[in-house]
Peer 1: 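Structure incoming, see below.
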Amino acid sequence: MQFNNAAHTAELAQTLLDWFDQYGRHDLPWQQEKTPYRVWVSEIMLQQTQVQTVIPYFERFMQRFPMVAALAEASQEAVLSHWAGLGYYARGRNLHQAAQIIMTEHGGEFPTTFDDIVALPGIGRSTAGAILSIVLKQRFPILDGNVKRVLARLEAVPTWTGEKRTEETLWQWAEALTPDKRFDDYTQAIMDLGATVCRRSRPNCEQCPWQSHCVAYQQKAVSDYPKSKPKKVQPERWSVFAVLENERGEIFLQQRPQTGIWGGMWSLPQSALQTGKPFFKQGKLGDEGVQSLLELLKMNKACLSVEKGQRLPAFRHTFTHYHLWLQPIKWQVDQQTMGSDKGCWVSLEQALALGLPAPIKQIVESLQDE
Ligand code: SF4
């Protein structure tokens, strides 16, 4: 355990800062004109997503929502359409909601205390620490996924870093390592070390400023760390997605409820989630599947007879806690007699411009190719 020794942690921090001065990233878009708003948006986008993927999204987002007021005033639909493709859409919804709270409760100014920042939706302890250290130059540690990986290798941590007690220990180490000056540079430095040197796969230990202190490296066991999460088999769910096409070639979309998967986004009508393949008997769509859709759509049953539906290829999409099998079925319907007012009819181009969840976009794009 090397983190109880103040002289040692100070040396580690200084070595990292020296490395950062020479090899760190200094020209990322959110490092120019460093405002709390820009750093906050970048930090949220960077959760679970790599820098190169984030850059174009960040630039488009800043063009459309240059200040917190613009974000707060925008519709949720507009915000999510700028998020489409980044995944983890709750991040976009939380960002929008937090912007509105900043306008109403903080007079449009980004809060400056840890308690106020961490109280905003979608901001955890590490993101709050990053904003406070990078922009407000206050001494707060961070512990994002990259930092967890670096520390787990540095000390050859024998347990999964998401495990509660392990995480508490890592927070103590992150706190001990944070130096008494240059907080902003240190935070950037440890993020850069995780992203560019101590990478998830093929870490570049030969270029690492902490090589001589790294237990995993000394043990020649870098690939053994961090320890993986104990395996759990992900359950599988099925759902039928209705592609309803009217006489003009338009399709019917509905807005998802605000909570749950794809909250607030436009999507195809979908039956309730089922385990296994209950909708299909001998390769045919069974009554339960149609019934579930009809209840949801409040539709004229004749519109969705099993015989008239064209079954499109099913495919699997993976969420954090389960796999979803999507079975799209296409029906040609008469809009006048369909009898549902719970959605809207749009062309395929208009649908794609709405920023659909990735698997729904895949279905719509396959219709374009027909
Ligand atoms: Fe990571 Fe290798 Fe550096 Fe250890 S020596 S911290 S494994 S890059």
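Counting convention: from 1, in listed order, for ligands and their atoms alike.
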Peer 1: Is Asp21 paired with Arg182 through a side-chain N to carboxylate O contact shorter than 4.0 Å?
Peer 2: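 Answer for the salt bridge query: yes.
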Peer 1: N/O/S atom of Cys198 under 2.8 Å from atom 1 (Fe) of ligand 1, yes or no?
Peer 2: yes
Peer 1: Nearest protein heavy atom to atom 2 (Fe) of ligand 1, by residue and atom, and its distance?
Peer 2: Cys205 SG, 2.3 Å
Peer 1: Check whether any N, O or S atom of Cys208 sits under 2.8 Å from atom 3 (Fe) of ligand 1.
Peer 2: yes
Peer 1: Give the numbers and elements of all ligand 1 atoms closer than 4.0 Å to a heavy atom of Val222.
Peer 2: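 Counting from 1, the qualifying ligand atoms are 7 (S).
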Peer 1: Counting each atom of ligand 1 from 1 as listed, which ones have a heavy atom of Gln211 under 4.0 Å away?
Peer 2: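 Here the atoms of ligand 1 in question are 5 (S).
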Peer 1: Regarding Arg153 and the six-membered ring of Tyr225, is the cationic atom NZ or CZ under 6.0 Å from the ring centre and inside 45° of its axis?
Peer 2: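 No; the conditions do not both hold, so Arg153 does not lie above the ring face of Tyr225.
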Peer 1: Whether Arg237 engages the ring of Trp325 as a cation-pi pair (distance to the six-membered ring centre under 6.0 angstrom, angle to the ring normal within 45°) should be assessed.
Peer 2: no
Peer 1: Which of the atoms of ligand 1 are close to Arg153, meaning less than 4.0 Å from one of its heavy atoms?
Peer 2: 7 (S)
Peer 1: Taking the side chain from His82 and the backbone from Met62, do they hold a donor-acceptor pair closer than 3.5 Å?
Peer 2: no
Peer 1: Side chains of Gln47 and Thr127: any donor to acceptor distance under 3.5 Å?
Peer 2: yes
Peer 1: Is Gln32 reaching over with its side chain to a backbone N or O of Leu28, donor-acceptor style, under 3.5 angstrom?
Peer 2: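 Here the side-chain-to-backbone pair exists.
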Peer 1: Hey, looking at atom 5 (S) of ligand 1, which of Cys214, Ser212, Ala221 has the closest heavy atom?
Peer 2: Cys214
